[in-house]
Asks: 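What follows is a structure written as structure tokens; I'll ask about it next.
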There are 2 protein chains.
Amino acid sequence: MDRTDNYHHGALRDALINTGLELISEKGISGFTLREVAKRTGVSTAAPYHHFKDKAELLQAMSAAGWSMLGERFKGALSEVETPSERLRAIGEAYIRFAIEHTPYFRVMSRPDLYCSQGSCDGGDVTGRAVFEMLRSAVAGCYSGRKSDDPEIQESVLHAWVMVHGFSALWLDGSLRGTSLGELGIEELIKLLFRSGPCMTNRPDGKVPIE
Amino acid sequence: MDRTDNYHHGALRDALINTGLELISEKGISGFTLREVAKRTGVSTAAPYHHFKDKAELLQAMSAAGWSMLGERFKGALSEVETPSERLRAIGEAYIRFAIEHTPYFRVMSRPDLYCSQGSCDGGDVTGRAVFEMLRSAVAGCYSGRKSDDPEIQESVLHAWVMVHGFSALWLDGSLRGTSLGELGIEELIKLLFRSGPCMTNRPDGKVPIE
DNA sequence: CCCCAATCTTGACAGCGCTAAGATAGCCAC
DNA sequence: GTGGCTATCTTAGCGCTGTCAAGATTGGGG
């Protein structure tokens, strides 16, 4: 019996990550199974345990790879435009497009409860924080001359993150279907999202839309 | 052996829903187990199957109860203030506070993938759409005199929903901890959220914050 | 060439969702 | 009351899951 194919010589770790993403892409995150990942990768059920402590650790590795990839996307987006507000917008759009084009990554990144104890990842989500820092810095770029702890900057950071994440989550969950927004295509929705803001928030100038 | 206690006489359905929420509150959604719910309710493993087709159907019932409860919260919020923009703000805040105070409900409502086939619930999420409709109508109230399919209204509906949902999701996932926003308390964050808007979006008047 | 450390497999256990078959409780007709 | 009917719950078991202990296999360094 020639088992040479089953020996990955250190490459199994990455193979498991990739197979895992494929599996999530097919069956969703609730269909993600360590046994199935192992089977699809062509190894035994116990093989993954020599590279990951448990299922959670594999998921965390997948998440980390996703954050790293998103960081690259951000860099690419930043390099394509000039002005601060264009750069912020580019980053926001990159976040949403990453969620749509690399759904399995996003699905796993959005479920820290599966691999983090009590919400904090014991410093394991360093890449995630680096990505957040890029967003924060892009926002700060729009307020040149102010300190980075300026409340208005904090506001805009929160706003930007909440918007792109909220939109991505709702879109991927299909929550927009079956509503008045469901008839719009993804491109229209993204345009709408980056234009919006008037009604819900009280704008700095104190104006309120129509009353 | 007196099994009288184990007979719920039709009340088992609701008992399972409530026990399920308690379980999610303790162990999170990934710790939600039909067997454990049955055990905690004091019945056998197979008992739930006489009230729910499968695990998904119980989750869907829990979700429906949550949407119904959120609808009540919206009504309460609407009745407390006068002006359209106050009413919209009240609804938005009610959404977030519901997510925080009734986390188990929100957790289940945010996972349609667990009980919906292909994102659509086969008309089972009627209550959810009714709640969305309340939000939409609250937004439309801020644009009196315009048609309900006005693009700017669509914009604001999307914006409002994305904001309150995105914030709730990020907060519950603990994604704000470990960032510059993590030092702020929940009340400060909510205030910040409802004040924000300037940087990310291009406002209708064409102004861009600072450049 | 041989041994060692890295890597993978086999076999097993408890817990999971789910089902078929049988037992029990309460209620209605009589 | 009593007999039986229906709703309700239980017991037993299937295949699947995550995880671990023990053993087998591989390739590289002495």
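Just so it is clear, the model here is predicted, and its values are computed rather than measured. Below, chain A is the first sequence line, B the second, and so on; all start at residue 1.
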Asks: Please report, rounded to the nearest Å, how far the P atom of C:dC16 is from the CG atom of B:Leu59.
Replies: 15 Å
Asks: What is the distance, to the nearest angstrom, from the CZ atom on A:Arg13 to the P atom on C:dC8?
Replies: 13 Å
Asks: Mapping B:Lys53 and A:His50 onto DNA chain C by nearest heavy atom, which one lands closer to the 5' end?
Replies: A:His50
Asks: Specify the separation, in whole Å, of atom CG of A:Leu34 and atom P of D:dC16.
Replies: 16 Å
Asks: Taking atom CE of A:Met109 and atom CG of B:Asp173, what is their separation to the nearest 0.5 Å?
Replies: 12.0 Å
Asks: With the side chain of B:Ala46 defined as its heavy atoms from C-beta on, choose the nearest nucleotide among C:dT9, D:dT11, D:dG13.
Replies: D:dT11
Asks: How close or far is atom C1' of C:dG17 from atom CZ of B:Phe32, stated in whole angstroms?
Replies: 12 Å
Asks: Could you state the atom-to-atom distance from CG of B:Leu12 to C1' of D:dT10 in whole Å?
Replies: 13 Å
Asks: Answer yes or no: is there an ion pair linking A:Glu188 with A:Lys191, defined by an N-O contact shorter than 4.0 Å?
Replies: no
Asks: From C-beta outward on B:Ser44, which listed nucleotide comes closest to its side chain: D:dT10, C:dG17, C:dC18?
Replies: D:dT10
Asks: What's the closest nucleotide to the A:Thr45 side chain, out of C:dC8, D:dC9, D:dT19?
Replies: D:dT19
Asks: Under 30°, 30 to 60°, or over 60°: which ring-plane class applies to A:Trp161 and A:Phe132, parallel, tilted or perpendicular?
Replies: tilted
Asks: Quick one: B:Asp54 CG to C:dA20 P, roughly how many Å, whole number?
Replies: 14 Å
Asks: I need the A:Glu57 CD to A:Tyr49 OH distance, nearest 0.5 Å.
Replies: 11.0 Å
Asks: Tell me the interatomic distance from A:Arg40, atom CZ, to D:dT17, atom C1', rounded to whole angstroms.
Replies: 16 Å
Asks: Nearest to the side chain of B:Val43, which nucleotide is it out of D:dT10, D:dT17, D:dT19?
Replies: D:dT10
Asks: Specify the separation, in whole Å, of atom CG of A:Leu114 and atom P of D:dG18.
Replies: 12 Å
Asks: Phosphate oxygens OP1/OP2 of C:dC8: is one of them under 4.0 Å from a side-chain N or O of A:His51?
Replies: yes
Asks: Measure from the side chain of A:Tyr49, starting at C-beta and using heavy atoms only, and say which of D:dC20, C:dT9, C:dG17 lies closest.
Replies: D:dC20
Asks: Taking the six-membered ring for Trp, are A:Tyr105 and A:His102 parallel (under 30°), tilted (30 to 60°) or perpendicular (over 60°)?
Replies: tilted
Asks: I want to verify a distance call: between C:dC18, D:dG18, D:dC9, whose nearest atom is closest to the A:Arg35 side chain?
Replies: D:dG18
Asks: Using the closest heavy atom to pick a nucleotide of DNA chain D for each, name whichever of A:Thr33 or B:Pro48 lands nearer the 5' end.
Replies: B:Pro48
Asks: Counting heavy atoms from C-beta on, name the nucleotide in D:dG18, C:dC18, C:dT9 closest to the side chain of B:Lys55.
Replies: C:dC18
